[in-house]
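When reading the values below, keep in mind they use all heavy atoms of this one structure, side chains included, and skip hydrogens, waters and symmetry mates. Quick note on labels: first sequence line is chain A, next is B, and so on, each numbered from 1.
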Protein chains: 2
Amino acid sequence: LCVRDAYHDELAAITDQLVEMTRLVGQAVSLATQALLTSDLALAQGVIEGDDSVDLLRENVERRTVDLIARQQPVAGDLRALTTGLRITSDLERSGDLAVHVAKLARRRFPDCAVPDELQATIREMGAVAAEIVSKAGDVVASRDATRAAELDADDDVMDDLHRTLLLTMLAPEWPHGVDTAIDLALAGRYYERFADHAVAVARQVVFLVTGEAAMRI
Amino acid sequence: LCVRDAYHDELAAITDQLVEMTRLVGQAVSLATQALLTSDLALAQGVIEGDDSVDLLRENVERRTVDLIARQQPVAGDLRALTTGLRITSDLERSGDLAVHVAKLARRRFPDCAVPDELQATIREMGAVAAEIVSKAGDVVASRDATRAAELDADDDVMDDLHRTLLLTMLAPEWPHGVDTAIDLALAGRYYERFADHAVAVARQVVFLVTGEAAMRI
């Protein structure tokens, strides 16, 4: 019994670290978006440097998970929880990288702002949805509540609509900001979209873990 | 002894699967590039559907690895080989996704070709370097020859130069192909660059495993 308790304590600690990762990458994407919108170099730099914490957390989760598998020889269900954790930590590390890419875009354009006035609202909204969706993914990881995972699909649809708005604005014949701005914003759009995809993937891993069924929409 | 032999047989089988993944994603990026250059819808479709094989291989590698950890309780060095394999399989699955993104770009523009004449050579070269680099990564995985990993850095520099050429061509004031083509090709450029990054990451994991030291250039 004692061994099993230690085991579940360790599993809970790993889950806490995964939730902490969702918090960190959510904060990173919010700050990176602010840096992009306001052309704030110091803020961008902070996001870029802060990504080390996310990478360290991933390494820590990996090491603890593998140690736990090796020491405890968990059976099917527990083993699946642990491998799911490994996939989640990989998705979240990637989300952190994408927030860094947004921050690097801000840094590369400094002191100019990469986002023209007519797209400020769209990019601000993409950043807000990205932060919201990864926060919900954290809730799903913490609660293992598969029913909440459906909310993320709705948020992801909002993100896709925003992405479409962004592209259509740039593809309009009257787009006055040139190819360079269009390229930067197309990349930014992709970073936000991918960020949301990884958050949705995190929630789906939990659904798969809890229900044993792959989520319908892949 | 017998158990250890079974263990190393299984480790070798996992390594073979990782090498097979490098072969599949190398083939995928070659075919996707051809589809993009020649606007070949059937070829693009084949790459998109073929990615299932890569995903299945990843799942298989994950399951076998975790089973092996749980059953054999490997010690430090062996354990590190197995966790390295998990990271490699994740990088290769992502490379497969990037080849699919290139193929989807070809499909989306069909029957038009996404690549204007003056950039055909650059994109062809990016596809060739991508295939070459992941093939070398496969050699490094198979041989565990850390000295060969340095070659990949040189290839990655070539990829970066090609990416720069691509962007500079589109940013020239006389660029005649509009914002839509520039956006598509900026995304394609990013897919190839990321593909190369993942292949380099695969080789670096092996270097780290063999030498115990992180490669200098991250």
Side-chain angles (χ1 to χ4, degrees), chain A residues 52 55 58-59 61-63 65-76 78-87 89-91 93-94 97-98 101 166-191 193-194 197-198 201 214 218, chain B residues 52 55 58-59 61-76 78-87 89-91 93-94 97-98 101 166-191 193-194 197-198 214 218:
Chain A
D52 281 352
D55 294 347
R58 181 204 177 164
E59 279 169 33
V61 167
E62 275 189 344
R63 199 175 52 245
T65 301
V66 169
D67 282 353
L68 202 56
I69 296 173
R71 280 188 290 111
Q72 304 274 0
Q73 298 176 273
V75 289
D78 287 338
L79 201 54
R80 207 168 59 163
L82 288 166
T83 51
T84 300
L86 287 176
R87 284 203 168 207
T89 197
S90 166
D91 273 308
E93 190 206 13
R94 198 76 58 175
D97 290 345
L98 290 162
H101 289 315
L166 177 70
L167 289 173
L168 287 175
T169 305
M170 298 191 293
L171 292 173
E174 63 274 19
W175 172 254
H177 303 290
V179 169
D180 56 342
T181 301
I183 287 178
D184 281 349
L185 289 178
L187 291 174
R190 181 164 166 82
Y191 300 148
E193 194 200 22
R194 292 296 299 156
D197 286 346
H198 283 291
I218 301 283
Chain B
D52 281 351
D55 294 347
R58 181 203 177 166
E59 279 169 34
V61 167
E62 275 188 346
R63 199 175 53 244
R64 293 174 84 154
T65 300
V66 169
D67 282 354
L68 201 58
I69 295 173
R71 280 188 289 112
Q72 304 274 359
Q73 297 174 274
V75 290
D78 287 338
L79 202 53
R80 207 169 58 164
L82 288 166
T83 52
T84 300
L86 286 177
R87 285 204 169 206
T89 198
S90 167
D91 274 309
E93 191 206 12
R94 198 76 58 177
D97 289 345
L98 290 161
H101 289 316
L166 177 70
L167 289 174
L168 286 175
T169 305
M170 298 191 294
L171 293 173
E174 64 273 20
W175 171 253
H177 303 289
V179 169
D180 56 342
T181 301
I183 287 178
D184 282 349
L185 290 178
L187 291 174
R190 180 163 166 83
Y191 301 148
E193 195 201 21
R194 294 294 299 155
D197 285 346
H198 283 291
I218 301 283

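- For residues 176-188 of chain A, the pairs satisfying side chain to side chain donor-acceptor pair (under 3.5 Å) are A:R108-A:D184, A:R109-A:T181, A:R109-A:D184, A:E118-A:H177, with sequence neighbours left out.
- Listed options B:V179, B:L185, B:L187 were ranked by heavy-atom pairs under 4.5 angstrom with chain A; first place goes to B:V179.
- Atoms CG and OG1, from B:D67 and A:T83 in turn, are 9.5 Å apart once rounded to the nearest 0.5 Å.
- Note that OG1 of B:T65 is 10.0 Å distant from CD1 of A:I69, once rounded to the nearest 0.5 Å.
- Here the shortest heavy-atom pairing between A:I183 and B:A186 reads CG2-CB, 3.6 Å.
- Highest contact tally toward chain B, considering only A:R58, A:R63, A:R71, A:M170, is held by A:R58 [criterion: heavy-atom pairs under 4.5 Å].
- Rounded to the nearest 0.5 Å, atoms CZ (A:R94) and OG (B:S90) are 5.5 Å apart.
- For A:L68, no part lies near chain B; criterion is any non-hydrogen pair under 4.5 Å.
- The part of A:L86 that comes within reach of chain B is its side chain, from C-beta onward, which places non-hydrogen atoms under 4.5 angstrom from that chain.
- Ranked by heavy-atom pairs under 4.5 Å with chain A, the list B:L171, B:L82, B:L167 is led by B:L171.
- Annotation: the span from A:E93 atom CD to B:R87 atom CZ amounts to 6.0 Å, rounded to 0.5 Å.
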